[in-house]
*Asks:* 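Could you have a look at this structure, given as structure tokens, before my questions?
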Amino acid sequence: MITERIDQLMAEVQDLKATTEQEVEALRIKYLSKKGLLNDLMADFRNVAADQKKEVGMKINALKTLATERINSLRENLQACSEVGGNIDLTRTPYPVRLGSRHPLTIVKNEIVDIFSRLGFTLAEGPEVEDDWHVYGSMNFADDHPARDMQDTFFVEAHPAVVLRSHTSSVQARVMERTQPPIRVICPGRVYRNEAISARAHCFFHQVEGLYVAEKVSFTDLKQVLILFAQEMFGPETRIRLRPSYFPFTEPSAEMDISCFLCGGKGCGFCKHTGWVEILGCGMVDPAVLESNGIDSGKYHGYAFGMGVERITNLKYQVSDLRLFSENDQRFLDEFQGAN
Ligand code: PHE
């Protein structure tokens, strides 16, 4: 029966395979040429009873379309293969694509910036190569302050001093000198200090500093913002503690600890059995700093805070060696896949 023959050819054509152009050509001759199987069918078609002609005709047409498409696509595949230079298998499952991940310091910096943006702080950035005035002078460092010493500061030029900034307070200075209050900025950036590289110290690291200057700014405002930050960053159970400290550019100054999030403040190896871990420095902007930067200290007050991104990252992810952050060891970086 002709319909069975058609069905059989359909199945055959469905499964055609060829690995060279010659094989494709042989298939074309076998099925589609003048002396091909399809033309044989057409010969048989003449003998089909008149009432079946329509149905059988449609079947033959379908077979012809399928055979043409199949043979053309085999030819195209082979041509594509030879264009990319070889016998590649286009049907093979691809290798999984290795996704990169953000650097842990970037992840944490973004998180810090994000928290403060939600509190109304805007982003400010400044140069890493700075003059002495923006890093030290305008920040109320005495001329003989030890931080200016070769021990701490990398000098690019000696007189007049051009340095690699040793803190991002220089960005605060640049913002204040060009903006009148209200000022509410967050300044992330890389800083440099001339320290021997070890697990606990590096010659460069990253800071995020915040500055708020407006009328009637109080220490309570500072404390509130820092509590919010600590709880957003380390969890809603987090408590903070402020200890008196000293910075040339703030008065009064404090260092802030958070309750240890590993033991919840009970005391463990991580917090050296104190229940607290230190995370940042802060204070009310010294009026002398406001004046140096062209802001009326009789009218305006401000607070500032600064934290090390490495320190926060160490705490959040329990990284114990600072050098890991700049060694680009793939095994370390891969651990942050999936963090944002
Ligand atoms: N600039 C300080 C530092 O580098 C941090 C700080 C910023 C402290 C703002 C108080 C206020 O250590």
Side-chain angles (χ1 to χ4, degrees), residues 105 109 112-113 116 119 121 123-128 130 132-142 145-149 151-154 163-176 183-195 200-214 217-219 221-226 229-230 240-258 277-290 292-293 295 297 300-314 322:
L105 294 177
K109 183 217 51 182
I112 299 170
V113 169
F116 285 105
L119 292 169
F121 287 77
L123 205 68
E125 286 179 309
E128 294 182 14
E130 260 293 9
D132 180 273
W133 170 252
H134 289 98
V135 181
Y136 297 123
S138 68
M139 283 289 135
N140 206 31
F141 281 76
H145 193 284
R148 294 179 182 226
D149 199 287
Q151 310 271 319
D152 258 307
T153 307
F154 284 114
V163 303
L164 295 182
R165 67 181 179 196
S166 57
H167 57 179
T168 41
S169 302
S170 53
V171 184
Q172 298 187 24
R174 285 193 175 271
V175 171
M176 284 190 276
I183 293 171
R184 189 161 21 190
V185 289
I186 192 94
C187 322
R190 179 178 286 182
V191 301
Y192 301 83
R193 288 184 198 177
N194 191 0
E195 303 228 22
R200 315 188 112 253
H202 212 293
C203 59
F204 63 78
F205 56 99
H206 300 78
Q207 289 189 326
V208 177
E209 292 206 11
L211 171 72
Y212 180 42
V213 185
V217 178
S218 72
F219 201 92
D221 299 328
L222 170 62
K223 194 173 165 188
Q224 188 56 48
V225 151
L226 293 178
F229 167 70
I240 69 162
R241 168 173 93 168
L242 291 162
R243 284 178 288 106
S245 184
Y246 172 79
F247 300 103
F249 35 89
T250 46
E251 182 60 35
S253 306
E255 266 162 300
M256 183 174 105
D257 301 337
I258 55 165
V277 282
E278 185 196 319
I279 64 159
L280 56 79
C282 61
M284 301 307 290
V285 181
D286 193 305
V289 171
L290 294 176
S292 295
N293 290 292
I295 291 173
S297 66
Y300 298 110
H301 302 105
Y303 64 67
F305 53 85
M307 66 191 91
V309 181
E310 277 80 351
R311 172 109 187 113
I312 309 267
T313 312
N314 286 350
L322 271 180

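All values reported here derive from a predicted model rather than from experimental measurement. Whatever order the structure lists ligands and atoms in, that order sets their numbers, starting from 1.
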*Asks:* Give a yes or no on whether the ring-centroid distance for F305 and F116 is below 6.0 angstrom.
*Replies:* yes
*Asks:* Do any nitrogen or oxygen atoms of S169 lie less than 3.5 angstrom from nitrogen or oxygen atoms of ligand 1?
*Replies:* yes
*Asks:* Could you see which bit of F305 sits under 4.0 Å from ligand 1, with heavy atoms only: side chain, backbone, both or neither?
*Replies:* backbone
*Asks:* Give a yes or no on whether the ring-centroid distance for H167 and F249 is below 6.0 angstrom.
*Replies:* yes
*Asks:* I'd like to check the side chain to side chain donor-acceptor pair (under 3.5 Å) partners of S292; sequence neighbours left out, ordered by chain and number.
*Replies:* none
*Asks:* Would Q172 count as a polar contact of ligand 1, with the cut-off being nitrogen or oxygen pairs under 3.5 Å?
*Replies:* no
*Asks:* Does atom CZ (R243) have a neighbourhood of more than 12 heavy atoms from anything else shown, all under 6.0 Å?
*Replies:* yes
*Asks:* Which residue owns the protein heavy atom closest to atom 1 (N) of ligand 1, what's the atom, and how far is it?
*Replies:* E209 OE2, 2.9 Å
*Asks:* So if I count the atoms of ligand 1 from 1 in the order they appear, which ones are less than 4.0 Å from some heavy atom of Q207?
*Replies:* 3 (C), 4 (O)
*Asks:* Establish, from distance only, whether the side-chain atoms of S170 and Y136 form a donor-acceptor pair under 3.5 Å.
*Replies:* no
*Asks:* Any salt bridge linking R174 with E130? Criterion: basic side-chain nitrogen under 4.0 Å from a carboxylate oxygen.
*Replies:* yes
*Asks:* Examine ligand 1 and decide if any of its atoms is less than 4.0 Å from a heavy atom belonging to M307.
*Replies:* no
*Asks:* For R193 and ligand 1, answer yes if some heavy atom of the residue is under 4.0 Å from a ligand atom, otherwise no.
*Replies:* yes
*Asks:* Does a side-chain N-to-carboxylate-O contact under 4.0 Å join D152 and R193?
*Replies:* no
*Asks:* Can you find an N/O atom of S166 closer than 3.5 Å to an N/O atom of ligand 1?
*Replies:* no
*Asks:* In ligand 1, which numbered atoms sit nearer than 4.0 Å to a non-hydrogen atom of F249?
*Replies:* 1 (N), 2 (C), 6 (C), 7 (C), 8 (C), 9 (C), 10 (C), 11 (C)
*Asks:* With a cut-off of 4.0 Å, which atoms of ligand 1 are near a heavy atom of A304?
*Replies:* 9 (C), 11 (C)
